[in-house]
Protein chains: 2
Amino acid sequence: MNDTGESAKKKIKRASTERTAQRDPERTRAAILEAATREFAENGMGGARVDAIAERAGTNKRMLYHYFGDKEQLYLRVLEEAYVGIRTAERALNIGTRNPEDAIGELALFTWRYFLQHPEFLSLLGTENLHRARWLRQSVRLKELHSHLIGELSEVLEEGKKAGVFSETADPLNVYLTIASLGYFYLSNQYTLSTIFGRDLITPDNLDAWERHIVHVTLASIKR
Amino acid sequence: MNDTGESAKKKIKRASTERTAQRDPERTRAAILEAATREFAENGMGGARVDAIAERAGTNKRMLYHYFGDKEQLYLRVLEEAYVGIRTAERALNIGTRNPEDAIGELALFTWRYFLQHPEFLSLLGTENLHRARWLRQSVRLKELHSHLIGELSEVLEEGKKAGVFSETADPLNVYLTIASLGYFYLSNQYTLSTIFGRDLITPDNLDAWERHIVHVTLASIKR
DNA sequence: CCATCAAGTAACTGTTTAGTTACCGGCACG
DNA sequence: CGTGCCGGTAACTAAACAGTTACTTGATGG
């Protein structure tokens with residue numbers, strides 16, 4: 001109830017003390033979030049089951065509703081965390097410090113490899129778009145998260161134009177959409193593509209080839 | 001039961017006779033298929049409701065189960081029809097009759113515009129990939145439908161290589177995946193993209209710009 | 001050692017869902 | 001004329017579902 005210095009002190013003491021592990025609210029919360037990420041990624045919003053999330057998290061529905069309100073709020077939380085994940089890792093690249101051509105190549109490589117290592121992120125995007133960004137639109141946390149990317153990319157392109165290596169028509173959003181398109185489609189649609197074309201797209205050789213293809217196409221599209 | 005000349009004659013008579021319109025099996029069947037296409041496209045496999053499909057089709061569940069067996073078989077039928085639709089239209093392009101550069105440009109334009117005019121096809125692909133092509137894999141009708149595309153594309157590329165306009169490394173599957181990637185991602189992810197980048201991707205100006213971009217990128221990636 | 005309070009459990013509820021069954025009505029044919 | 005068949009209706013059922021409520025457990029502070 002009250003958050004006096006006394007109780008705060010006790011909380012710190014509790015948090016740093018080895019406990020029986022039967023109770024661990026933060027752990028439970030994190031477990032629910034992770035379980036929900038997997039469940040929503042595998043089954044979509046309509047197909048995900050609240051009971052399944054609770055079971056995967058090793059807890060029960062009572063805790064899920066206690067920490068997250070309801071299914072929709074939990075889903076939004078999962079989606080927000082997924083975006084924070086990729087944008088944070090992207091920012092750490094610091095593409096602005098490289099020469100323009102390398103910077104674009106690095107961003108393409110990073111994006112492809114992130115998609116490859118985080119299939120659940122691609123699934124969540126697919127689900128959210130199926131619903132026309134119904135939940136993402138309600139998010140208040142994500143408005144500023146993405147502007148940094150376009151800003152940095154814009155600077156890199158300007159630098160390249162001045163140096164005479166990039167075409168004057170190169171546009172930052174177009175460049176990012178090109179990189180993301182080539183990575184997203186190949187991975188998210190790998191199952192139908194492999195089926196209809198009778199060729200397993202996910203073998204190491206094919207993945208390597210497509211990685212090189214993405215870098216090649218991206219640079220070919222903006223070089224003078 | 002039996003399909004003698006007599007009963008066949010009667011069927012023809014029935015089909016050509018103006019009836020009370022209370023009964024029309026083919027119409028009902030087609031209405032169910034069309035309603036199911038929309039329902040599955042809008043809500044995915046998990047989110048689609050059999051009652052909603054029946055209502056949209058102006059009929060009821062009894063007929064749906066009568067014609068299509070169950071929800072899963074109906075879904076597969078919808079998916080198969082969607083693939084037949086795009087591959088049939090694609091074949092009519094006859095890209096083999098054009099000069100190589102125009103042929104690739106035409107294929108890119110066609111694919112983009114088909115995606116633009118058939119959002120339900122993109123949604124169905126998304127849903128099917130979410131489930132790792134679980135139903136498509138079971139389809140026996142679709143094995144040969146797609147080989148024609150790659151064959152024709154392969155011929156065009158060979159012709160272009162001989163003429164010296166295309167790079168020797170250009171690969172037919174890669175070219176198609178490039179075209180499809182750029183169209184698919186832009187449209188299927190337009191909702192989250194427009195939200196996070198604060199720019200409406202679906203305005204006529206932006207659509208035109210992206211159409212030109214796809215053709216430009218595709219050709220830039222294979223030109224010598 | 002007892003009172004308190006939050007973490008966690010499990011059984012329950014009202015609703016929705018896929019799939020079924022019992023029935024209706026008109027048409028073709030004997 | 002009446003019998004069987006087929007397109008179509010609507011009410012039903014069993015299971016699954018999201019969300020709730022009554023309860024247990026165990027740590028902590030007095």
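Worth knowing before you read on, the calculation uses all heavy atoms, side chains too, and leaves out hydrogens, waters and symmetry mates. First the proteins, then the strands, lettered A, B, ... as listed; each starts at 1.
- Neither OP1 nor OP2 of D:dG8 sits under 4.0 Å from any side-chain N or O of B:Asn60.
- No N or O donor and acceptor, one from the side chain of A:Lys61 and one from the base of C:dA10, sit under 3.5 Å apart.
- Closest to the side chain of A:Met63, from the set D:dG7, C:dA7, D:dC17, is C:dA7.
- Regarding B:Tyr65, its OH atom lies at a distance of 19 Å from the P atom of D:dC12, rounded to whole Å.
- Within 6.0 Å of CZ in A:Arg56 there are more than 12 heavy atoms belonging to other residues, nucleotides or ligands.
- Counting to the nearest Å, the C1' atom of C:dT17 and the CG atom of B:Asn43 are 14 Å from each other.
- Rounded to whole Å, the distance from CG on A:Leu64 to P on D:dA18 is 10 Å.
- Taking atom CD on B:Glu26 and atom P on D:dG8, their separation rounds to 10 Å, with Å as the unit.
- Within 4.0 Å of B:Ala48, counting heavy atoms only, lie sugar-phosphate atoms of the nucleic acid but no base atom.
- When the P atom of C:dT16 is taken as reference, atom CZ of A:Arg49 falls 15 Å away, rounded to whole Å.
- The shortest distance between side-chain heavy atoms of B:Leu79 and B:Leu136 falls below 4.5 Å.
- For A:Arg62, no side-chain nitrogen or oxygen approaches OP1 or OP2 of D:dT21 to under 4.0 Å.
- Remark: the B:Asn206 side chain and the B:Thr203 side chain contain an N/O donor-acceptor pair separated by less than 3.5 Å.
- Nearest nucleotide to the B:Thr59 side chain, out of C:dT9, D:dG8, D:dT9: D:dT9.
- A straight line from NE2 of A:His66 to C1' of C:dT9 spans 14 Å, rounded to a whole angstrom.
- Protein atom CD of A:Gln73 is 13 Å distant from nucleotide atom C1' of D:dG19, rounded to whole Å.
- One atom, CG of B:Asp51, and another, P of D:dC12, lie 15 Å apart when rounded to the nearest Å.
- For the residue pair B:Glu72 and B:Trp135, a side-chain donor N or O sits within less than 3.5 Å of a side-chain acceptor on the partner.
- Between A:Glu152 and A:Ile95, the closest heavy-atom pair is OE2-N, 3.7 Å.
- Residue A:Tyr67 places at least one side-chain N or O closer than 4.0 Å to OP1 or OP2 of C:dG8.
- For D:dG8, the OP1/OP2 oxygens have a side-chain nitrogen or oxygen of B:Thr28 closer than 4.0 Å.
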